[in-house]
Amino acid sequence: MGLLAPRDPVTLDRSFFARPALVVAPELLGCRIVHAGVTVRLTEVEAYAGEGADPGSHAFRGRTPRTEVMFGEAGHLYVYFSYGMHWCANAVCGDEGVAQAVLLRAGEVVAGHEVAAVRRAGVPERDWARGPARLTSTLAIDRAHDGIDVCGGGPVRFEPPTEPVEPACVRTGPRVGVSGPGGDGTAYPYRFWIEGERTVSAYRPGVIRRRTR
DNA sequence: CATCCGATTTCCT
DNA sequence: GGAAATCGGATGG
């Protein structure tokens, strides 16, 4: 398997997710997430390392009621509420007790166009899942799915790519919208995307916040 | 493309 | 009590 060969097919079982988020993240590119009649092929994700290791992570300062699922078993969804009106979804990674996750940032609808068109009425198709909150909106994922197991035959599931993603097309760079120390992203180039995809969200630097203590 | 601001939870002070 | 937030839609240039 040379550097330019397509990746081996992946099996999206629990052991797939029970690895470091930085390993899982690029392998999720091209995979599909299925829920409520719509299938999205992932084109952009972001890794979040664990407690104490990643100032951008919600789990940086340790366990809270909100972040509890991130510390739990891999292969569950961590869904959080953002800016008073949006929901964003992560796949929990790593060993139990290790709070790592991969944020599902963007993708393209590859099945269920009719359902998505109703759910996202008035929105151009390109934008249906172009952004983490748009993605969950199109898939009808919200608070009810926080903590849900995606490896156990439940309503939300992942599927491997139908066409392999060329590793040469995988790019990495600064995360989007992450504030706090390292918020410029350069210290944490944990975003991964597929080069040339129209659904990759526009880069917006995080607000660089002053030290809060 | 840039800027503006909404509407609400979470967690720190 | 209040700042900050893994954002997105609207509007203006």
Side-chain angles (χ1 to χ4, degrees), chain A residues 17 20-22 24-26 28-29 33 40 42-71 76-94 99-109 116-117 119-147 172-193 198-213:
Chain A
F17 293 101
L22 278 165
V24 173
L28 274 177
L29 293 174
I33 176 169
V40 168
L42 296 171
T43 58
E44 181 186 3
V45 298
E46 279 177 4
Y48 284 83
E51 177 181 15
D54 179 357
S57 171
H58 289 165
F60 181 59
R61 294 169 189 271
R63 290 181 186 251
T64 67
R66 179 177 61 157
T67 61
E68 193 58 32
V69 305
M70 263 201 283
F71 286 85
H76 292 246
L77 238 42
Y78 164 53
V79 180
Y80 71 91
F81 189 59
S82 172
Y83 289 93
M85 58 192 99
H86 310 297
W87 298 98
C88 299
N90 296 247
V92 174
C93 297
Q100 299 201 345
V102 175
L103 172 65
L104 311 177
R105 278 206 61 88
E108 59 169 333
V109 173
R119 207 170 273 159
R120 305 288 280 130
V123 176
E125 179 169 342
R126 183 209 189 191
D127 291 336
W128 282 352
R130 187 186 187 221
R134 293 165 169 175
L135 182 146
T136 56
S137 175
T138 293
L139 286 166
I141 289 172
D142 60 25
R143 179 177 202 84
H145 306 276
D146 186 32
T172 185
R175 292 185 295 205
V176 173
V178 175
S179 29
D184 62 354
T186 53
Y188 301 89
Y190 292 174
R191 183 165 65 114
F192 300 87
W193 67 94
R198 299 180 354 276
T199 51
V200 173
S201 50
Y203 175 65
R204 275 192 283 185
V207 176
I208 299 178
R209 136 167 70 83
R210 238 182 273 278
R211 285 177 55 86
T212 54
R213 48 175 213 183

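Proteins get letters first, then strands, A, B, ... in listed order; numbering begins at 1 in each.
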In chain order, what residues pass the ring-ring contact (aromatic ring centres under 6.0 Å, His included) check against [X], with sequence neighbours excluded?
| X | value |
| --- | --- |
| A:His145 | A:His35 |
| A:Phe71 | none |
| A:Tyr190 | A:Tyr188 |

Among residues at least two apart in sequence or on other chains, which ones pass side chain to side chain contact (heavy atoms under 4.5 Å, CB included) with [X]?
| X | answer |
| --- | --- |
| A:Thr138 | A:Val38, A:Val109, A:Ala116, A:Arg120, A:Trp128 |
| A:Ala21 | A:Ala47, A:Cys93, A:Gln100, A:Val102 |
| A:Ser57 | A:Tyr48, A:Asp54, A:Ala59, A:Met70 |

- Message: Could you check whether any side-chain N or O of A:His86 sits under 3.5 Å from a backbone N or O of A:Ala133, counting only pairs where one atom can act as donor and the other as acceptor?
- Response: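 Answer holds: no.
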- Atom of A:Val176, atom of A:Glu44 and distance for their closest heavy-atom approach: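 What the structure gives for the nearest pair is CG2-OE2, 4.4 Å.
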- Message: To check you understand the geometry: which heavy-atom pair defines the closest contact between A:Ala53 and A:Pro55, and what is its length?
- Response: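 Smallest heavy-atom distance, with atoms named: O-CD, 4.0 Å.
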- How does protein reach along nucleotides 3-8 of chain B, written 5' to 3' as B (base within reach of a heavy atom under 4.0 Å), S (only sugar-phosphate), or - (no contact)? ---BBB
Rounded to the nearest angstrom, tell me the gap between atom [atom1] in [X] and atom [atom2] in [N].
| X | N | atom1 | atom2 | result |
| --- | --- | --- | --- | --- |
| A:Glu44 | C:dG8 | CD | C1' | 14 Å |
| A:Trp87 | B:dT9 | CH2 | C1' | 8 Å |
| A:Arg175 | C:dA5 | CZ | C1' | 14 Å |
| A:Glu68 | B:dT10 | CD | C1' | 15 Å |

- Task: Not counting sequence neighbours, which residues clear side chain to side chain donor-acceptor pair (under 3.5 Å) with A:Arg63? List them please.
- Result: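 Testing A:Arg63 for side chain to side chain donor-acceptor pair (under 3.5 Å), a comparison that skips the adjacent residues, returns A:Glu68.
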- Item | Presence of salt bridge, A:Asp127 and A:Arg130, under 4.0 angstrom |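 Salt bridge flag = yes for A:Asp127 with A:Arg130.
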- Query: Tell me, which stems hold DNA chain B, with a stem being 3 or more Watson-Crick or G-U pairs in a row and both distances under 3.5 Å?
  - Reply: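 Stems (3+ consecutive pairs) listed as B:1-6 with C:7-12, B:8-12 with C:1-5.
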- Considering only heavy atoms, which members of residues 123-132 of chain A lie under 4.0 Å from some atom of DNA chain C? A:Gly131, A:Pro132
- By a strict heavy-atom criterion of less than 4.0 Å, which residues belonging to residues 133-144 of chain A are in contact with DNA chain C?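 Correct list: A:Ala133, A:Arg134.
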- Query: Knowing that exactly one of A:Leu29, A:Asn90, A:Leu103 qualifies, which makes a side-chain contact (heavy atoms from CB on, under 4.5 Å) with A:Val45?
  - Reply: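 Among the candidates, only A:Leu29 passes.
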- Query: Below 4.0 angstrom from OP1 or OP2 of B:dC12, is there any side-chain N or O of A:Arg66?
  - Reply: no
- Item | With A:Glu125 via salt bridge (charged side-chain N to carboxylate O under 4.0 Å, His left out) - residues at least two apart |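 Applying salt bridge (charged side-chain N to carboxylate O under 4.0 Å, His left out) to A:Glu125 gives none.
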- Item | Closest to the A:Arg61 side chain, choosing from C:dG9, B:dC12, C:dC7 |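 The closest nucleotide is B:dC12.
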